[in-house]
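Shown next, in structure tokens, is the structure this report addresses.
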Amino acid sequence: MKLIWYGHSCFKVICENGTVVFDPYAPGSVPGLELPELKADAVICSHGHSDHCAPERIILSGHKPEMKLRQIETFHDGKHGELRGRNLISVISSDGISLAHLGDLGHELSGAQLEELGSIDVLLIPVGGYYTIDALTAKKVADAVAPRVLVPMHYRFGAHGYPEIGTLEDFLPLCDAARVRRLDTNGFTLTKDAPAGIVVPCFAE
């Protein structure tokens, strides 16, 4: 399973059984970011906001990816959706690996939601706060889920991202530094025996 990060919460996941793009963003919706032309078999959006839901930006192959998909209803805020509505956690399973994209999760997960989520190999988690869970809450969620690989997303870096959200440096000091692996590329490959830890892709201009 290969993951490619395009900034914000947009990832392309390439599996043996298909290709999926998570949360593509519309032009002008995220400061400093412009999504390149992407091709995939499917698009999954966590909610309807333009910085997470621009399926028209993806060129679909017409092939149906042969992978399992589960979705869990959550909220975009800590007030049961009163502020920003609903949010979907999406879990795909392929190549012997389970991957969960938390979208714009706005609260800690309940015991029932954690049970429904189950065992996760790769967790894509927002850490920037303001519109989503903040760094401290993200650490609590990550500890509760206990994935083998954790990938932070939805944070500000340089001139990229919303000015009101936090940076990665708000989150990483909460983690074991020995487990953090910073990459020099925006893509990486995961196998069932890949090293556990926190993977930080490098954004590709």
Side-chain angles (χ1 to χ4, degrees), residues 1-15 17-94 97-107 109 113 116-117 120 122-133 138 141 145 147 151-156 160-162 165 186-187 201 203-204:
M1 180 182 286
K2 181 175 182 180
L3 278 71
I4 306 173
W5 183 53
Y6 291 98
H8 207 48
S9 298
C10 182
F11 287 82
K12 184 175 183 178
V13 180
I14 304 169
C15 304
N17 299 322
T19 303
V20 176
V21 172
F22 285 98
D23 282 18
Y25 46 84
S29 64
V30 186
L33 294 179
E34 187 66 34
L35 194 66
E37 181 179 280
L38 299 178
K39 298 179 180 179
D41 298 323
V43 182
I44 299 174
C45 298
S46 60
H47 61 290
H49 295 164
S50 62
D51 60 322
H52 290 260
C53 186
E56 71 279 0
R57 300 286 295 166
I58 310 303
I59 300 172
L60 294 177
S61 67
H63 301 295
K64 183 178 180 180
E66 296 180 8
M67 58 183 69
K68 294 180 180 178
L69 169 65
R70 295 186 290 114
Q71 294 186 302
I72 301 167
E73 284 206 8
T74 57
F75 297 105
H76 197 327
D77 55 68
K79 295 187 176 183
H80 300 284
E82 184 179 316
L83 300 178
R84 299 186 179 92
R86 293 182 176 273
N87 174 74
L88 282 175
I89 292 174
S90 295
V91 182
I92 62 170
S93 300
S94 184
I97 297 171
S98 61
L99 176 147
H101 186 290
L102 298 190
D104 264 4
L105 181 67
H107 56 88
L109 296 177
Q113 288 168 331
E116 189 176 357
L117 190 60
I120 297 297
V122 187
L123 186 67
L124 311 181
I125 186 168
V127 301
Y130 196 89
Y131 299 110
T132 70
I133 52 176
V141 171
V145 176
V151 184
M153 64 180 184
H154 206 283
Y155 56 85
R156 172 172 50 87
H160 307 90
Y162 297 114
I165 67 177
N186 69 327
F203 179 71

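Scanning both residues, Leu124 and Pro126, for their nearest heavy atoms gives O-CD, 4.3 Å. Of all non-hydrogen atoms in Arg86 and Phe75, the two that sit nearest each other are NH1-CE2, 3.8 Å. The heavy-atom pair separating Gly106 from Ile133 by the smallest distance is C-CG2, 3.6 Å. The nearest pair of heavy atoms linking Met153 to Leu102 is CE-N, 4.1 Å. Residues Gly18 and Pro65 come closest through the heavy atom pair CA-CB, 3.9 Å. Of all heavy-atom pairs between Thr74 and Gln113, the closest is CG2-NE2, 3.7 Å.
In terms of the side-chain hydrogen bond (donor to acceptor under 3.5 Å, both in side chains) criterion, Arg156 has no residue partners (sequence neighbours excluded). Taking Lys68 as the reference, Ser93 meet the side chain to side chain contact (heavy atoms under 4.5 Å, CB included) condition, with sequence neighbours excluded. Partners of His101 under the ring pair (Phe, Tyr, Trp, His ring centres under 6.0 Å) rule, at least two apart in sequence or in another chain, are Phe22.
At a threshold of 4.5 Å between non-hydrogen side-chain atoms, the residues His76 and His49 count as touching. Using a 4.5 Å heavy-atom cutoff, the side chains of Cys53 and His47 are not in contact. Here the side chains of Glu73 and Leu88 are in contact, with some heavy-atom distance below 4.5 Å. You'll find the side chain of Leu69 stays beyond 4.5 Å of the side chain of Val20, heavy atoms only.
The distance from the CG atom of Asn17 to the CE atom of Met1 is 9.5 Å, given to the nearest 0.5 Å. Here CD of Glu82 is found 7.5 Å from CG of Asp77. Values are rounded to the nearest 0.5 Å. Here Ser9 contributes atom OG and Asp51 contributes atom CG; the two are 7.5 Å apart, rounded to the nearest 0.5 Å. Taking NZ of Lys12 as the start and OG1 of Thr19 as the end, the distance is 6.0 Å to the nearest 0.5 Å. Separating the CG atom in Leu38 from the CG atom in Leu60 is a distance of 11.0 Å, to the nearest 0.5 Å. Rounded to the nearest 0.5 angstrom, Ile4 CD1 and Ile14 CD1 are separated by 4.0 Å.
Under the 30°/60° scheme for interplanar angles, the aromatic rings of Phe203 and Trp5 are found to stand perpendicular. In this structure, Tyr25 and His8 have perpendicular ring planes: the angle between them is above 60°, well past the 30° mark.
Ring-centre distance between Tyr131 and Tyr162: below the 6.0 Å cut-off.
When atom types are taken as modelled, the side chain of Arg57 and the backbone of Pro24 share no donor-acceptor pair closer than 3.5 angstrom.
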Worksheet item: Can you list the steps and then say if Asp104 with His52 is a side-chain hydrogen bond (donor to acceptor under 3.5 Å, both in side chains)?
Response: CA-CA 9 Å; Asp104 264 4; His52 290 260; 3.0 Å; yes

Discussion item. For Ile72 and Leu109: C-alpha separation, side-chain torsions, deciding distance, then whether side chain to side chain contact (heavy atoms under 4.5 Å, CB included) applies.
Written reply: CA-CA 11 Å; Ile72 301 167; Leu109 296 177; over 6 Å; no

